[in-house]
Amino acid sequence: MADSDVGAASDAYGRGGGGRRSGRAVTVAAAGVLALATLAVGCGPQDPGADALGQPSAPATTAPPAPSPTDDGKGATAGATTEPATTTPPASPSAPPPPAEPVTAPPPTASSLAPSTAPAPRVLLRTGSEGAQVRELQARLRQIGHFGRTPTGYYGTVTAEAVRSFQAKRGTEATGATDAVTWRKLLAMTRTPTADELDPPTERPVAKPDERCLTGRVLCISKKSRTLAWMIDGRVVSAMDVRFGSEYTPTREGEFPVFWKSRDHVSTLYDTPMPYALFFSGGQAVHYSADFAANGYGGASHGCVNVRDKAKVAALFDQVKNGDKVVIYW
């Protein structure tokens, strides 16, 4: 009950009527105060001490008044004896125990009010990551239909979207980053990838080589199949996926010699990295492209032959020599 409610009850039942309150008025006042108190407790929020505070108090035990000669309305009777007044009633085994001491709950602390949050799972791989574990991630996602390309070992936007799709389907937060929980779920649903799954030759079958590719040391590049086959005397040593320039900056077709190798090349025209560059015609070269690894065939080069498998083009760079042939055909 609020302080104002208590005051209202006092005004209503403790004043007026000549200054002396009758027994009936006191009883009515007490009942009104009790009713307001009951409403205040019943409508308010519960707290840890509510059970203790809400226990009913034991009924007060008062001594019955001594019999009066006129209590029965008949007046005094000569020679009648009266029982002596009893000031304290005898103890009764069924009498309720005295009321318990009120229990006050300790005030909440800042730590108890703060929401409990579990630590976020550790992120293992994210956009920009590279290496063997990324290649395994891609191969495992491909096994269950979430990654539709050959593994490249580069964690780009395509891989992030595949991870996000996997997470959403499994009811976890779809962040696109591979955390420990996502990795454990993926391991439980897939098998260890084979060597061919981790490092397949190409996404599409290697095209039938042009006749100019059948002799000597040749980078045999088909625009139709979008593949590069490194061939020596008609034998395919290695193969990889490639992409070409756009219609505005097309990759030249024909036969060219490799005239310059630049391992850590950066384009002076576009200020972009061109690692493992094998130049064959002006500024056009075969080289690794992080954008191709990340976004696939959604983009194009400025005329170069992009390779998206960094490990393969690095090995190719070490094997090719200046003067080796480059044949680009449909």
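For this chain, numbers begin at 1 and follow the sequence in order. We use all heavy atoms of the structure for the numbers below, so side chains are in, but hydrogens, waters and symmetry mates are not.
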Review point. Do Asp241 and Arg226 sit within salt-bridge range, that is, some charged N less than 4.0 Å from a carboxylate O?
Key: no
**Study point:** Polar side-chain atom of Asn306 near backbone of Phe292 as donor-acceptor pair, under 3.5 Å
**Key:** no
Check your understanding: Has the side chain of Gln138 got a donor or acceptor atom that lies under 3.5 Å from a matching backbone atom of Gly153?
Key -> yes
Point to revise | Point-to-point distance, once rounded to the nearest 0.5 Å, from CD of Gln319 to CG of Leu219 | key: 10.0 Å
Practice item. If a pair satisfies ring-ring contact (aromatic ring centres under 6.0 Å, His included) and one of its residues is in residues 126-178, list it, with sequence neighbours excluded. Key: His146-Phe166
Check your understanding: Is it the case that Asp233 and Thr215 place a side-chain donor and acceptor less than 3.5 Å from each other?
Key -> no
Review point. Within the distance-only criterion (no hydrogens, no angle test), does the side chain of Asp318 pair as donor or acceptor with the backbone N or O of Ala315 below 3.5 angstrom?
Key: no
Check your understanding: Just wondering, more than 12 heavy atoms not from Glu255 lying within 6.0 Å of its CD?
Key -> yes
**Study point:** Separation between CZ of Arg135 and NZ of Lys310, rounded to the nearest 0.5 Å
**Key:** 11.5 Å
Practice item. Could you tell me whether the side chain of Ser222 and the main chain of Ala207 form a donor-acceptor pair under 3.5 Å? Key: no
Exercise for review: Could you go through the side-chain contact (heavy atoms from CB on, under 4.5 Å) check for Gln143 and Arg191 one step at a time?
Suggested key: CA-CA 8 Å; Gln143 287 177 11; Arg191 53 178 170 71; 3.4 Å; yes
Point to revise | Short side-chain to backbone donor-acceptor contact, Thr251 and Gly303, under 3.5 Å | key: yes
Check your understanding: How close do Lys261 and Val320 get, heavy atom to heavy atom, and via which atoms?
Key -> NZ-O, 2.7 Å
Point to revise | Chi angles and distances behind the side-chain hydrogen bond (donor to acceptor under 3.5 Å, both in side chains) call for Thr182, Gln167 | key: CA-CA 7 Å; Thr182 301; Gln167 291 169 327; 3.0 Å; yes
Exercise for review: May I have the step-by-step check of side-chain hydrogen bond (donor to acceptor under 3.5 Å, both in side chains) for Thr152 and Asp309, ending in yes or no?
Suggested key: CA-CA 5 Å; Thr152 63; Asp309 192 315; over 6 Å; no
**Study point:** Spacing of OG belonging to Ser246 relative to NE2 belonging to His302, to within rounding of 0.5 Å
**Key:** 7.5 Å
Exercise for review: State plainly whether the residues Asp179 and Lys185 are in salt-bridge range, i.e. N to O under 4.0 Å.
Suggested key: no
Check residues 274-286 and write down every donor-acceptor pair under 3.5 Å in which the side-chain atom is one partner and the other belongs to a residue at least two apart or another chain.
{"unit_1": "Ser281", "atom_1": "OG", "unit_2": "Arg252", "atom_2": "NH1", "d": "3.1"}
{"unit_1": "Gln284", "atom_1": "OE1", "unit_2": "Arg252", "atom_2": "N", "d": "3.1"}
{"unit_1": "Gln284", "atom_1": "NE2", "unit_2": "Pro250", "atom_2": "O", "d": "3.1"}

Exercise for review: Check the pair Val305, Phe244 against side-chain contact (heavy atoms from CB on, under 4.5 Å), reporting the backbone distance first and the verdict last.
Suggested key: CA-CA 5 Å; Val305 178; Phe244 306 98; 4.2 Å; yes
